[in-house]
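Remarks on the structure that follows.
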Amino acid sequence: MTVRALLIEDDETIAEPLVEGLGRYGLMVGHVGTGAAGLEGPYGDIVLLDLGLPDMDGIDVCRGIRQVSDVPIIMLTARGEEADRVLGLELGADDYLAKPFSMRELIARIRAVTRRSQRTGTATATATATAPAAPAPAAAPAATAPAAAQPPPWEQEPLVVDRRTRQVWVGGAPVTLTPKEFELLALLTEDPGAVYSRQQILDRVWDPHFHGPTKTLDVHVATLRRKLGDPAWIQTLRGVGFRLAVHSGAPSGVPSGVPGVPEAARP
């Protein structure tokens, strides 16, 4: 299947050879020169986003895309500061490539990111096909009314992670997560209490060939703890990795050792 890419780059001396080079590798590339045009889409299968745009910061473009789409994003920029890289990754970018870069490296990053996206989509489809059907009352609030007005029936449970709808609740209150934050939390809920090493998390949530700063994992964990409302949810084992705390007071009907995650919401 042909990969469709949206290149958001204002410098024509960079954009033209990129479009031509990516085309030689079989990609269909659409090109726009401003952040506003980039936000209008279509995004295709992957977005290549320059941060130094003339009308708005690429970080804001990334934030805007993430509000409406989970399309993979690779940031292309001359900025080399770690703070910029970490901020971009925290906002939902999937990879970061500093200029100048080779076409071969860019193609390798695109392939890695799209492979990961396809694996995630396949896993979600498999979970939907094999998981027991969710109770009818649980599906209605997500589709027809705000969760605050009609919370899920398992609102008394401390933590609910629904892989099928990519939604999270804590005590019945919805929690808004970025794609990476959700994937990180979903991984930890696969086996609550089990320790996942930093490398295991980077391989599963990012990519086995991820070359970005490892500090981005700490940033995501810190943000996730804040959004869950209690840092105790994710425990750090110094020098080893992270694990999801096992809630000792899980309600009846929840599998032993699973912190409030019903069977239908498990992978």
Side-chain angles (χ1 to χ4, degrees), residues 1-39 41-66 69-120 178-180 183 199 202-203 205-220:
M1 183 179 74
T2 302
V3 175
R4 298 162 301 153
L6 173 62
L7 173 63
I8 308 175
E9 167 65 69
D10 66 303
D11 190 337
E12 292 293 337
T13 63
I14 295 175
E16 288 184 7
L18 271 181
V19 171
E20 181 181 351
L22 292 171
R24 289 200 299 269
Y25 280 89
L27 279 74
M28 294 179 59
V29 185
H31 169 234
V32 296
T34 65
L39 287 172
Y43 305 130
D45 301 306
I46 189 167
V47 173
L48 307 176
L49 172 62
D50 177 40
L51 294 190
L53 297 170
D55 58 332
M56 59 193 302
D57 195 293
I59 292 292
D60 294 324
V61 178
C62 179
R63 183 185 290 110
I65 292 175
R66 273 293 166 261
S69 174
D70 287 342
V71 62
I73 298 174
I74 297 180
M75 289 184 166
L76 311 176
T77 180
R79 301 179 189 175
E81 291 81 1
E82 181 177 289
D84 287 321
R85 296 196 302 267
V86 171
L87 178 58
L89 293 167
E90 182 182 356
L91 288 174
D94 296 84
D95 206 346
Y96 192 108
L97 196 54
K99 300 175 182 179
F101 52 82
S102 69
M103 181 62 66
R104 178 177 296 182
E105 181 179 8
L106 175 57
I107 290 295
R109 299 291 185 96
I110 290 173
R111 288 173 176 169
V113 168
T114 52
R115 276 199 310 269
R116 182 169 67 248
S117 177
Q118 290 166 0
R119 287 201 305 267
T120 301
T178 66
K180 279 290 179 288
E183 290 166 18
Q199 191 59 52
L202 289 172
D203 287 350
V205 177
W206 277 263
D207 188 271
H209 305 291
F210 175 71
H211 298 295
T214 58
K215 185 179 179 182
T216 188
L217 174 55
D218 301 285
V219 173
H220 278 72

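- Rounding to the nearest 0.5 Å places CG of Leu49 at 5.0 Å from CD1 of Ile8.
- We find the CD1-CG distance between Ile46 and Leu6 to be 10.5 Å, quoted to the nearest 0.5 Å.
- Atom OG1 of Thr114 and atom CZ of Arg4 lie 12.5 Å apart (nearest 0.5 Å).
- The shortest distance between side-chain heavy atoms of Glu20 and Val29 does not fall below 4.5 Å.
- With Asp55 contributing its side chain and Ala36 its backbone, the two residues share a donor-acceptor pair below 3.5 Å.
- Nearest heavy atoms, Leu27 versus Ala5: CD2-CB, 4.2 Å.
- By the 4.5 Å heavy-atom criterion applied to side chains, Ile14 and Leu76 are not counted as neighbours.
- By the neighbour-count criterion of 12 heavy atoms within 6.0 Å, atom CE of Met28 is sparsely surrounded, having that number or fewer from other residues, nucleotides or ligands.
- Residues Leu48 and Glu9 form no side-chain contact, since every pair of their non-hydrogen atoms from C-beta on lies 4.5 Å or further apart.
- Contact annotation: the side chain of Asp11 never approaches that of Asp50 to less than 4.5 Å [non-hydrogen atoms, C-beta and beyond].
- Judged by distance alone, with hydrogens and angles left aside, the side-chain atoms of His31 form no donor-acceptor pair with the main-chain N or O of Glu16 at under 3.5 Å.
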Exercise for the section: Could you walk me through whether Leu22 and Ile110 pass side chain to side chain contact (heavy atoms under 4.5 Å, CB included), step by step? Expected result: CA-CA 10 Å; Leu22 292 171; Ile110 290 173; 3.9 Å; yes
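- The backbone N or O of Gly33 sits nowhere less than 3.5 Å from a side-chain atom of Asp10 that would complete a donor-acceptor pair.
- Taking both residues in full, the closest heavy atoms of Gly26 and Thr2 are given as O-CG2, 3.2 Å, listed atom of the first, atom of the second, then distance.
- Side chain of Asp94 to main chain of Ile73: a donor-acceptor pair is present (N/O by atom type, distance under 3.5 Å, no hydrogens or angles).
- When all heavy atoms of Cys62 and Ala93 are compared, the pair lying nearest together is SG-N, 3.9 Å.
- In this structure, OH on Tyr96 lies 5.0 Å from CG on Leu51, to the nearest 0.5 angstrom.
- In this structure, CG on Leu97 lies 12.5 Å from CE on Met75, to the nearest 0.5 angstrom.
- Contact annotation: the side chain of Tyr25 never approaches that of Val3 to less than 4.5 Å [non-hydrogen atoms, C-beta and beyond].
- Closest of all the heavy-atom pairs between Val205 and Glu183 is O-OE1, 3.4 Å.
- In this structure, Arg66 contributes its side chain and Val71 its backbone to a donor-acceptor pair below 3.5 Å.
- Residues Leu39 and Ile65 meet the side-chain proximity criterion, which asks for heavy atoms closer than 4.5 Å.
- Taking both residues in full, the closest heavy atoms of Ile59 and Asp57 are given as N-OD1, 2.7 Å, listed atom of the first, atom of the second, then distance.
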